[in-house]
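What follows is a set of notes on a single structure, which appears directly below.
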Amino acid sequence: MSMPAQVPQIASPSSSAKKPLYEGSTQYKNWRFSPEKLTRIRASLNAAAVSVIRNTFEADEPGSSSNVLFLTADEEHLLVKLYISKISQLCGHFRFPEEVEATAVSYMKRFYLKNTVMDWHPKNVMLTALFLATKTTNNPISLETYTSHIPKTIPSDVLDLEFLVAQSLGFEFAVWHAHRALWGIWLDLQSLPDTPPDQSQDIYDTATMHVRASRLTDAELIYSPSQIALACMSLASPAFASQWAGSKIPSLADTLQPTIETIKSLITQAGHPPDVESVRTVDRRLKLCKNPEKVVGSKAYLAKKAEEERKAEEKRSRKADEIRKAMENGDPFGDELSWQEKEEKIKEIVDEDDND
Amino acid sequence: MDAVEKANSERQKKWTKDQKVGEGTYAVVYRGREVSTGRKVAIKKIKVSQFKDGLDMSAIREVKYLRELQHQNVIELLDVFSSKTNLNLVLEFLDTDLEMIIKDRTLVFLPADIKSWMAMTFRGLEYCHRNFILHRDLKPNNLLVASDGQLKLADFGLARDFADPGYKMTCQVITRWYRPPELLFGSRYYSAAVDIWSVGCIFAELMLRTPYLPGESDMDQLKTTFRALGTPTEEEWPGHTKLPDYVPVGQFPKTPLRDLFTAASADTLNLLSKCLVYEPRKRIGAKEALNHPYFFALPNPSHPSKLPKSSNMASTRALEEVDGNVDQNVAGPAVKAAAPNRLKRKLNSPGDELASRSIARRLDFSQPKQP
């Protein structure tokens with residue numbers, strides 16, 4: 001994993017002997033990639049999904065997969081990006097704090113580094129990721145309120161995927177955001193001895209807009225929040241950015257510059273929602289190539305569910321048998337019970353341990 | 001099978017559950033092992049399906065913070081996996097907790113022992129605060145002790161990040177006896193100082209061997225606090241009469257701590273008094289506390305392995321391992337003996353008690369295999 005030079009966290013300089021807090025985070029450890037690595041991950045997820053779905057099609061009806069035009073990794077990514085852009089619309093509607101929005105966006109991106117669009121449609125994942133983010137950032141609302149404000153959505157649409165999303169995130173819910181780092185830079189700037197006199201709020205607002213645009217890019221999967229924040233500040237006001245860097249990290253300011261420039265061009269080039277028309281075509285094609293095992297009600301879905309249920313039933317009856325045997329072998333508690341009670345007890349015990 | 005599902009089931013296979021050791025309305029706790037090494041662990045199974053809003057907040061908080069924290073004095077979350085609709089937290093197995101140790105009348109505490117526990121508590125807490133995390137439920141019951149004597153902060157079900165200035169937080173946190181006056185007065189803007197107050201109460205309890213400020217209701221908690229430490233004046237705590245739930249509860253004189261803590265050294269009482277300063281902004285911080293002369297004066301703190309420890313707790317301890325959301329009314333001699341106080345210490349709603357009773361009955365059935 002090739003990482004450009006890190007901007008030290010904007011933490012207190014007194015803790016310099018210890019490693020920056022950010023480096024202890026799960027984000028630092030598990031969610032940073034090189035651009036090449038991101039491409040590889042997406043390509044291999046896509047290839048794996050295509051081969052699984054092709055097999056499912058063939059099992060259902062031989063020859064049926066030959067005409068299917070599966071999505072490419074880039075097309076999947078495009079669709080995800082569209083739904084990422086919808087998160088901020090929804091957040092505006094609910095008036096969720098920025099923390100919720102940013103966290104939900106990160107969850108979406110991380111989710112699709114473990115899953116593919118052909119298995120899980122980004123619309124549902126987006127709704128679940130956002131609901132989960134309200135909870136993980138301590139801004140919970142009831143599920144009913146949440147779904148009643150979203151057209152054509154019922155609680156189970158959100159809940160059914162919650163576990164899968166949490167699992168895909170590795171249960172790593174904490175996210176470090178660029179907008180927080182930007183706030184830190186902004187506070188720092190106000191206390192610098194020789195800040196430019198014209199410190200209008202506009203500069204901060206413009207920089208914040210760039211941070212929001214950066215959420216539509218892969219920046220957060222490649223760079224640290226403070227690097228992104230500095231790049232956004234630099235887009236808003238190169239003078240402020242270099243002044244901050246010069247005062248906070250004089251030794252790094254020059255080596256950092258190429259990285260900052262790369263982030264800036266990433267944001268300007270990719271930091272806007274995709275063209276809806278082109279996404280619509282992708283979405284239409286997705287309907288034809290999504291994994292039938294994940295489509296509730298389809299033949300493949302029912303077959304899979306039946307198989308799962310059969311296995312669970314097998315396990316339950318095995319357990320019940322074991323318990324029955326144990327009781328019949330002169331268990332002091334078992335003897336006192338009538339047959340009916342015994343059956344009930346067995347059921348209770350089995351249900352109890354059912355989920356292990 | 002999806003890659004994600006596969007990864008989960010591989011994780012699941014790394015751990016086995018041996019024995020159920022506790023059950024509450026919110027979770028079941030098992031003693032278990034890591035399959036490859038035989039290492040003992042505690043597995044907390046959270047029943048998710050019962051929550052209509054999905055994964056519940058205390059589970060989310062606990063997972064969120066423990067995933068990020070790694071420190072000798074914070075309980076380690078080894079793994080998380082799901083089984084059907086349950087969330088399983090694999091935690092390091094810890095034998096006992098400070099509450100059980102305090103209550104074990106056969107144990108004698110030396111000043112050096114108390115210093116050692118306090119040092120470990122402050123180290124764990126300083127680490128949390130350095131990471132901008134408030135614990136918000138410190139009490140002896142949540143300070144767990146490993147077999148090597150290391151003390152660990154546990155139960156992050158009420159934890160949260162520091163709020164930005166100007167953002168409200170709830171004041172309904174921290175078990176009453178360890179709750180600072182600013183929260184009792186309804187303050188919605190508070191800081192790491194709330195945890196420090198709790199540590200002060202624990203410090204006192206270690207010396208007294210009984211809870212220091214055992215109020216019977218929120219109102220009585222204020223009275224109990226002021227009776228012990230004197231009613232705060234406007235001068236020592238400016239503005240406190242303007243807090244949302246402020247009520248005058250009577251004038252109590254200040255009595256020197258020395259009157260109650262007759263055997264304590266001057267350093268000890270100085271640190272204690274700094275943890276129990278009314279004005280939150282003047283209360284000592286965790287880092288500052290670690291640099292307090294108390295920790296540099298003789299006697300040196302006891303080595304963790306030399307600390308007093310109950311001998312027969314290991315088997316019943318595992319159910320304590322969990323947080324305040326799990327009820328403890330399950331058979332077990334040590335637990336039963338402590339029952340009366342235990343309930344009061346909980347943040348649980350009264351309904352929990354009823355629920356757990358029926359569960360406790362059911363628990364008896366789960367052992368028919370034992371001869």
Side-chain angles (χ1 to χ4, degrees), chain A residues 11 15 18 21 24-27 45 48-49 52 97 99 111 114-116 119-120 128 131-132 135-138 140-144 146 155 158-159 162-168 170-174 180 183 291 294 312 322-323 326-327 330-334 345 348-349 352-356, chain B residues 2-5 7-8 11-12 16-17 20 23 28 30 45 47-49 51-57 59-61 63-71 77 79-89 130-132 160-161 163-164 167 169-170 287 362-371:
Chain A
S15 62
K18 292 174 175 132
L21 288 179
S25 68
T26 50
Q27 176 162 333
L45 277 172
V52 167
E99 193 74 11
F111 180 88
K114 305 276 174 187
N115 299 281
T116 113
D119 279 348
W120 310 107
T128 307
F131 183 65
L132 188 59
K135 294 194 279 185
T136 58
T137 59
N138 210 20
I141 66 167
S142 87
L143 182 58
E144 220 176 298
Y146 180 69
V158 174
L159 280 197
E162 189 179 40
F163 232 74
L164 178 75
V165 172
Q167 247 174 38
S168 303
F171 299 99
E172 291 163 356
F173 297 133
R180 302 289 297 164
W183 177 242
N291 188 347
K294 314 278 183 195
E322 278 168 22
I323 293 163
M327 284 180 172
D331 181 280
F333 299 108
K345 198 158 84 181
E348 208 167 46
I349 294 164
E352 180 59 43
D353 293 344
D354 192 23
N355 300 309
D356 302 332
Chain B
D2 293 1
V4 172
E5 275 177 53
N8 180 66
R11 271 190 184 156
Q12 187 172 357
T16 57
K17 290 171 184 161
K20 186 193 256 176
E23 168 151 6
V28 185
Y30 299 85
K45 182 171 97 179
K47 307 164 194 168
V48 172
S49 48
F51 300 108
K52 71 172 174 52
D53 290 330
L55 286 168
D56 95 313
M57 287 296 289
I60 281 181
R61 288 193 182 113
V63 173
K64 177 180 172 186
Y65 295 114
L66 288 183
R67 277 263 141 169
E68 303 297 316
L69 298 174
Q70 276 116 32
H71 189 275
L77 177 64
D79 207 349
V80 187
F81 63 87
S82 53
S83 50
K84 283 194 188 162
T85 57
N86 296 314
L87 186 62
N88 293 268
L89 312 190
R130 182 159 22 108
N131 281 280
F132 304 103
R160 66 159 292 158
D161 305 276
D164 281 337
Y167 280 86
M169 295 181 271
T170 170
K287 190 168 182 183
R362 241 179 39 197
L363 256 186
D364 294 338
F365 285 125
S366 67
Q367 304 162 351
K369 278 183 228 169
Q370 289 169 7

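Here the structure is a predicted model, which is why all the values come from computation and not from measurement. Every chain is numbered from 1, with letters handed out A, B, ... down the list of sequences.
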Does [X] use its side chain to pair, donor to acceptor, with the backbone of [Y] at less than 3.5 Å?
| X | Y | answer |
| --- | --- | --- |
| A:E162 | B:L55 | yes |
| A:Q167 | B:S82 | no |
| B:K64 | A:T136 | yes |
| A:K135 | B:D53 | yes |

Contacting region of [X] [heavy-atom separation from chain B under 4.5 Å]:
| X | value |
| --- | --- |
| A:N138 | both |
| A:A166 | side chain |
| A:Y146 | neither |
| A:D119 | side chain |
| A:F171 | both |

Assess whether atom CD of A:E144 is packed by more than 12 heavy atoms of other residues, nucleotides or ligands within 6.0 Å.
no
Which atoms of B:E68 are under 4.5 Å from chain A, going by heavy atoms: the side chain, the backbone, both sets, or neither?
both
Region of B:F132 that comes under 4.5 Å of a non-hydrogen atom in chain A
side chain
Nearest-0.5 Å distance that lies between atom [atom1] in [X] and atom [atom2] in [Y]:
| X | Y | atom1 | atom2 | answer |
| --- | --- | --- | --- | --- |
| B:D164 | A:R180 | CG | CZ | 4.0 Å |
| B:R130 | A:L21 | CZ | CG | 7.0 Å |
| A:S25 | B:L69 | OG | CG | 11.5 Å |

Can you name the closest pair of heavy atoms from [X] and [Y] and give their distance?
| X | Y | answer |
| --- | --- | --- |
| B:G54 | A:L159 | CA-CD2, 3.4 Å |
| A:G170 | B:R67 | O-NH1, 2.9 Å |
| A:F173 | B:I60 | CD1-O, 4.1 Å |

